[in-house]
Amino acid sequence: MKSFIVLLISCLSFTISMAQDSSRTIYFDFDQHKLRASEKAVLDEFIRAYKNGEIGDSIVIKGHCDITGPVAYNELLARRRTFAVHEYLLNNGIPKTSVTTIQSFGERMPVNDNGTRAERQLNRRVELIWTRPVAEPPVRAKDEEPVIPVKDFSKAAIDTVKEGEILRMRNINFYGGRHTFLPIATIPLQELLEVMQSHPKLVIEIQGHICCRPGSPIDGADFDSNDNHLSRNRAKAVYDFLAEHGIAKERMSYVGFAGTRPLIYPEQTEADRTANRRVEVKIVSK
């Protein structure tokens with residue numbers, strides 16, 4: 001019996017280490033499915049957390065009512081509440097594919113006995129539930145090209161760097177879920193432009209990366225362009241900047257690596273995630 005208990009605890013510990021379940025609750029006024037300003041603020045915080053990679057891509061929406069009114073009407077009202085939340089999420093940048101389940105329970109799953117006004121208020125709700133996997137360390141396939149050492153970019157480094165080497169563009173970083181540069185990117189972008197201008201034979205490949213999906217070849221959603229090519233779009237943002245300032249397009253190419261090459265693992269802070277939202281430059285020829 002003791003061995004069984006130990007085994008059970010071990011299994012539970014493993015399950016908890018593999019996924020972290022979390023939730024948010026949105027409340028509604030009596031007989032209403034419109035979102036209050038206070039609940040929109042809760043959803044805005046949820047959306048911010050999603051875009052920062054703190055929430056997984058499997059979101060469940062569950063709608064509920066109190067026991068006031070006919071059962072059939074409460075089923076419909078709960079459904080309208082889920083639709084209101086779902087629509088708000090989609091209109092504010094949550095990809096449709098990230099919402100995996102929408103369920104309406106009417107009055108069938110109360111959190112209390114509905115005995116008081118306060119208790120009934122708690123049952124007029126929509127729950128947002130998601131499972132956030134704990135990412136495993138990145139694993140490279142056997143037939144994948146070997147990792148190329150990365151050096152820090154500098155104007156001086158261009159004179160000694162060899163063809164095929166990669167330079168890390170420090171501080172060319174982006175807002176979460178976007179290919180829009182952070183203000184801190186202005187100086188390194190200008191430095192890269194000056195190097196391309198002073199070395200007219202230099203040919204580069206611009207490489208984009210994302211955070212929050214270590215080891216994953218699946219690219220992220222880009223809320224600026226409404227597609228799923230975030231790392232590629234970040235590389236193209238640098239490409240476009242250089243082209244707009246007179247660098248010949250034949251001297252440049254761009255590619256996205258999704259989350260397959262994290263700079264920092266595991267990501268424990270927003271600073272870690274910002275560091276992984278980055279661009280690097282491979283020297284093709286010089």
Side-chain angles (χ1 to χ4, degrees), residues 12 15-16 18-134 175-178 180 211-213 220-228 230 270 273:
L12 288 173
T15 301
I16 293 171
M18 291 302 294
Q20 299 171 346
D21 291 323
S22 300
S23 65
R24 295 282 192 279
T25 302
I26 309 301
Y27 295 100
F28 293 81
D29 289 328
F30 173 71
D31 197 25
Q32 294 293 319
H33 65 273
K34 293 183 178 180
L35 292 166
R36 298 181 298 188
S38 60
E39 305 313 298
K40 287 182 179 180
V42 174
L43 288 173
D44 290 340
E45 176 61 21
F46 174 91
I47 293 165
R48 183 204 63 77
Y50 176 92
K51 293 179 179 180
N52 285 338
E54 300 166 15
I55 290 172
D57 287 327
S58 181
I59 301 168
V60 176
I61 302 176
K62 296 182 178 182
H64 306 271
C65 291
D66 62 24
I67 60 172
T68 307
V71 172
Y73 179 82
N74 285 339
E75 293 284 346
L76 177 61
L77 181 56
R79 189 177 305 117
R80 287 174 175 169
R81 287 171 175 170
T82 63
F83 289 166
V85 171
H86 185 225
E87 183 179 24
Y88 190 87
L89 295 180
L90 297 188
N91 288 342
N92 288 277
I94 300 296
K96 185 181 297 184
T97 54
S98 291
V99 181
T100 58
T101 307
I102 301 177
Q103 298 173 306
S104 301
F105 294 94
E107 61 186 57
R108 289 173 288 152
M109 297 184 65
V111 295
N112 52 51
D113 295 331
N114 281 290
T116 67
R117 180 181 298 179
E119 288 181 342
R120 289 190 291 275
Q121 172 63 74
L122 293 176
N123 285 321
R124 299 193 288 264
R125 71 196 194 279
V126 163
E127 297 167 309
L128 291 173
I129 303 170
W130 68 94
T131 299
R132 181 175 56 179
V134 178
Y175 290 99
R178 305 176 64 185
T180 301
C211 76
C212 313
R213 294 185 179 184
D222 188 334
F223 302 113
D224 286 328
S225 54
N226 197 30
D227 60 27
N228 293 303
L230 182 56
E270 179 60 19
R273 290 185 285 273

TODO: Check the surroundings of atom CG in Asn91: do more than 12 heavy atoms from other residues, nucleotides or ligands lie under 6.0 Å from it?
DONE: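 Yes, the 6.0 Å shell around CG holds more than 12 heavy atoms from other groups.
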Can you give me the closest heavy-atom contact between [X] and [Y], atom names plus distance?
{"X": "Ser104", "Y": "Thr82", "value": "OG-OG1, 3.9 Å"}
{"X": "Gly106", "Y": "Ala78", "value": "N-CB, 3.6 Å"}
{"X": "Arg125", "Y": "Leu122", "value": "CD-O, 3.2 Å"}

Open item on the list: We want to know whether Tyr50 and Asn92 form a side-chain donor-acceptor pair, criterion being a heavy-atom distance below 3.5 angstrom.
Closed with: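 Checked: Tyr50/Asn92 side chains show no N/O donor-acceptor pair below 3.5 Å.
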Less than 4.5 Å apart, any side-chain heavy atom of [X] and any of [Y]?
{"X": "Lys51", "Y": "Ile47", "answer": "yes"}
{"X": "Val126", "Y": "Tyr27", "answer": "no"}
{"X": "Ile61", "Y": "Leu128", "answer": "yes"}
{"X": "Asp66", "Y": "Phe30", "answer": "yes"}

Task: Sole residue of Gln32, Arg81, His33 in side-chain contact (heavy atoms from CB on, under 4.5 Å) with Arg124 - done: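 The single option meeting the side-chain contact (heavy atoms from CB on, under 4.5 Å) with Arg124 is Arg81.
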Measure the spacing between [atom1] of [X] and [atom2] of [Y] and express it to the nearest 0.5 Å.
{"X": "Lys40", "Y": "Ile26", "atom1": "NZ", "atom2": "CD1", "value": "12.0 Å"}
{"X": "Arg120", "Y": "Cys65", "atom1": "CZ", "atom2": "SG", "value": "13.5 Å"}
{"X": "Asp227", "Y": "Leu230", "atom1": "CG", "atom2": "CG", "value": "8.5 Å"}
{"X": "Ile102", "Y": "Lys62", "atom1": "CD1", "atom2": "NZ", "value": "13.0 Å"}
{"X": "Leu35", "Y": "Asp29", "atom1": "CG", "atom2": "CG", "value": "10.5 Å"}

TODO: Would you please test Asp44 and Val42 for side chain to side chain contact (heavy atoms under 4.5 Å, CB included) and show each step?
DONE: CA-CA 5 Å; Asp44 290 340; Val42 174; over 6 Å; no
Open item on the list: Does Tyr175 form a side chain to side chain contact (heavy atoms under 4.5 Å, CB included) with Asp224? I'd like the steps, not just the answer.
Closed with: CA-CA 10 Å; Tyr175 290 99; Asp224 286 328; over 6 Å; no
TODO: Provide the full list of ring-ring contact (aromatic ring centres under 6.0 Å, His included) pairs with a residue in residues 75-111, sequence neighbours left out, each pair given once.
DONE: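 Listed by first then second residue: His64-Phe105.
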Open item on the list: I'd like to know if the side chain of Asn123 and the backbone of Val111 have a donor-acceptor N/O pair within less than 3.5 Å.
Closed with: yes
Task: Any donor-acceptor pair under 3.5 Å from Gln121 side chain to Phe28 backbone - done: yes
- [ ] List for me each residue that meets side-chain hydrogen bond (donor to acceptor under 3.5 Å, both in side chains) alongside Asn74, sequence neighbours excluded, and say none if there are none.
- [x]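 Result, side-chain hydrogen bond (donor to acceptor under 3.5 Å, both in side chains) vs Asn74: Glu107.
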